[in-house]
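Residue numbers begin at 1 in each chain, while the letters A, B, ... track the order of the sequences. Keep in mind that the numbers below use all heavy atoms, side chains included, and drop hydrogens, waters and symmetry copies. This one's a predicted model, so the numbers in the text were calculated from it and none came from an experiment.
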Number of protein chains: 2
Amino acid sequence: MNERQHLPHLHDMSEEELVGHIPSVETIAAVSEAMKQLGDPSRLRIFWLLCHAEECVQNIASAMDMSSPAVSHHLRLLKSAGLIVSNRKGKEMFYRAADTDLVASLHHGIEQIASISCMD
Amino acid sequence: MNERQHLPHLHDMSEEELVGHIPSVETIAAVSEAMKQLGDPSRLRIFWLLCHAEECVQNIASAMDMSSPAVSHHLRLLKSAGLIVSNRKGKEMFYRAADTDLVASLHHGIEQIASISCMD
DNA sequence: ATAACGATTAAACAATCGTTTAATTGAACT
DNA sequence: AGTTCAATTAAACGATTGTTTAATCGTTAT
């Protein structure tokens with residue numbers, strides 16, 4: 001049971017061809033989760049910043065013109081998603097982009113899309 | 001007025017260096033808007049499908065195991081974001097990924113992230 | 001210890017979002 | 001014209017999200 005129904009209509013592409021290799025739900029979940037985090041302008045800017053520098057919360061807040069609780073909240077989400085890492089230096093907590101293939105790919109994609117979308 | 005304050009702390013990187021070339025709000029908005037649309041699993045799957053095939057609403061709904069109103073709703077959002085296009089053939093409305101650099105870049109990024117995140 | 005500073009957490013709020021059901025529009029047939 | 005099928009729209013609902021304010025936790029220094 002729980003078998004998918006056949007396609008209502010068949011056009012150019014066969015059902016097998018169309019539905020055959022949709023990415024798994026796990027893959028879709030992983031990709032959309034990463035995209036979701038960067039779908040918020042505040043988090044995208046923070047992530048972009050942390051791809052270029054390691055900074056403490058206050059400086060991030062200042063650069064982004066946000067309150068530190070707000071920044072902290074976004075940092076927690078980015079960290080939960082594995083996009084950034086933190087390490088404490090004295091009483092300050094420093095954040096930077098994680099050194100992973102996923103982050104490298106996202107960073108590259110963002111810069112490419114940015115260069116397409118606009119001109120800075 | 002409306003001048004940004006100086007950074008609370010200065011570390012390795014100068015303020016100029018850190019804040020100097022943050023992408024413009026327009027660029028950030030454009031990128032995050034695209035990411036936001038693909039941050040929903042349903043829309044990501046639909047977008048992925050439409051990168052590989054042109055299909056009508058019912059077939060998309062069937063392949064995604066969703067109702068057609070739900071699919072229609074997501075299609076409208078994806079279309080508003082310029083990620084997909086539509087054309088009518090008889091009484092069916094066909095959708096496919098838009099033929100733009102932005103879409104190509106997103107598609108490439110998604111496949112790359114998918115190959116990193118998991119193995120289908 | 002205690003004071004000062006940085007960061008996080010908690011609670012509350014408005015706002016946005018995704019899904020469902022039902023009603024409506026649009027196009028192609030008899 | 002009227003019927004049928006596909007797609008969209010509308011309204012309603014619960015769930016999630018982002019931001020703010022205030023309170024709390026951790027670390028350093030006096």
Side-chain angles (χ1 to χ4, degrees), chain A residues 5-11 25 28-29 32-47 49-50 54-81 83-96, chain B residues 5-11 25 28-29 32-47 49-50 54-81 83-96:
Chain A
Q5 294 304 310
H6 287 281
L7 293 183
H9 310 293
L10 278 179
H11 306 112
V25 285
I28 289 286
S32 67
E33 180 57 32
M35 293 272 184
K36 187 183 200 175
Q37 294 312 319
L38 302 179
D40 177 67
S42 299
R43 277 197 297 276
L44 179 63
R45 294 208 308 156
I46 293 173
F47 177 73
L49 184 79
L50 296 179
E54 179 177 49
E55 275 297 345
C56 67
V57 176
Q58 287 213 23
N59 276 2
I60 299 170
S62 175
M64 302 287 114
D65 198 21
M66 294 171 58
S67 70
S68 33
V71 168
S72 215
H73 174 238
H74 288 303
L75 290 173
R76 191 172 57 79
L77 293 175
L78 289 171
K79 193 178 177 183
S80 296
L83 301 180
I84 62 174
V85 295
S86 64
N87 70 313
R88 181 179 284 278
K89 287 179 188 172
K91 55 174 84 168
E92 287 161 338
M93 193 70 101
F94 281 74
Y95 287 88
R96 66 169 193 276
Chain B
Q5 294 304 311
H6 287 280
L7 293 183
H9 310 294
L10 278 179
H11 306 113
V25 285
I28 289 286
S32 67
E33 179 56 32
M35 294 270 183
K36 186 184 201 175
Q37 294 313 318
L38 301 179
D40 177 67
S42 300
R43 276 196 298 276
L44 180 62
R45 293 207 311 154
I46 293 173
F47 178 74
L49 185 77
L50 297 179
E54 178 177 48
E55 275 296 345
C56 66
V57 176
Q58 288 213 23
N59 277 0
I60 300 170
S62 174
M64 301 287 114
D65 197 23
M66 294 171 59
S67 70
S68 32
V71 168
S72 216
H73 174 236
H74 289 304
L75 290 173
R76 191 171 57 81
L77 293 176
L78 288 170
K79 193 178 177 183
S80 295
L83 300 180
I84 62 175
V85 295
S86 64
N87 70 312
R88 180 179 282 278
K89 286 179 187 171
K91 54 172 83 169
E92 287 161 337
M93 193 71 99
F94 282 75
Y95 287 88
R96 66 171 194 275

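Between the NZ atom of A:Lys91 and the P atom of C:dT8 there is a distance of 15 Å, given to the nearest Å. Nucleotide C:dG18 holds its P atom 6 Å from the NE2 atom of B:His74, rounded to whole Å. Look at CZ on A:Arg88: it is 8 Å from P on C:dA7, rounded to the nearest Å. Regarding B:Glu92, its CD atom lies at a distance of 11 Å from the C1' atom of C:dA27, rounded to whole Å. Between A:Leu77 atom CG and C:dT8 atom P there is a gap of 12 Å when expressed in whole angstrom units. Atom-to-atom, NE2 of B:His73 to P of C:dT16 comes out at 13 Å; the value is rounded to the nearest Å.
Heavy-atom distances to DNA chain D give each of A:Gly90 and A:Lys36 a nearest nucleotide, and the one nearer the 5′ end belongs to A:Lys36. Residues A:Ser67 and B:Arg76 each lie close to DNA chain D; by heavy-atom proximity, the contact nearer the 5' end of the strand is made by B:Arg76.
Put simply, CZ on B:Phe94 and CZ on B:Arg88 are 11.0 Å apart, with the number rounded to the nearest 0.5 Å. Taking CG of A:Leu78 as the start and OG of A:Ser42 as the end, the distance is 10.5 Å to the nearest 0.5 Å.
Of all heavy-atom pairs between B:Leu50 and B:Tyr95, the closest is CD2-O, 3.3 Å. Considering every non-hydrogen atom in both B:Pro41 and A:Ser32, the closest pair reads CG-OG, 3.6 Å. Closest heavy-atom contact between B:Ile28 and A:Leu44: O-CD2, 3.6 Å. The two residues A:Ala34 and A:Leu83 have their closest heavy-atom pair at O-CD1, 4.4 Å.
Between B:Arg43 and the phosphate of C:dG18, there is a side-chain N or O to OP1/OP2 separation shorter than 4.0 Å.
For the side-chain hydrogen bond (donor to acceptor under 3.5 Å, both in side chains) test, residues two or more places apart in sequence or in another chain that qualify with A:Glu33 are A:Gln37.
When the local axes at the two ends of the helix from C:dA1-D:dT30 to C:dT30-D:dA1 are compared, using 5 base pairs at each end, they differ in direction by 10° after rounding to 10°.
Residues B:His74 and B:Asp40 have side chains in contact (heavy-atom distance under 4.5 Å, counting atoms from C-beta outward). Residues B:His73 and B:Leu77 form a side-chain contact, since some pair of their non-hydrogen atoms from C-beta on lies under 4.5 Å apart.
Nucleotides of DNA chain D lying under 4.0 Å from heavy atoms of chain A occupy a range whose first and last members, 5' to 3', are D:dA6 to D:dT28.
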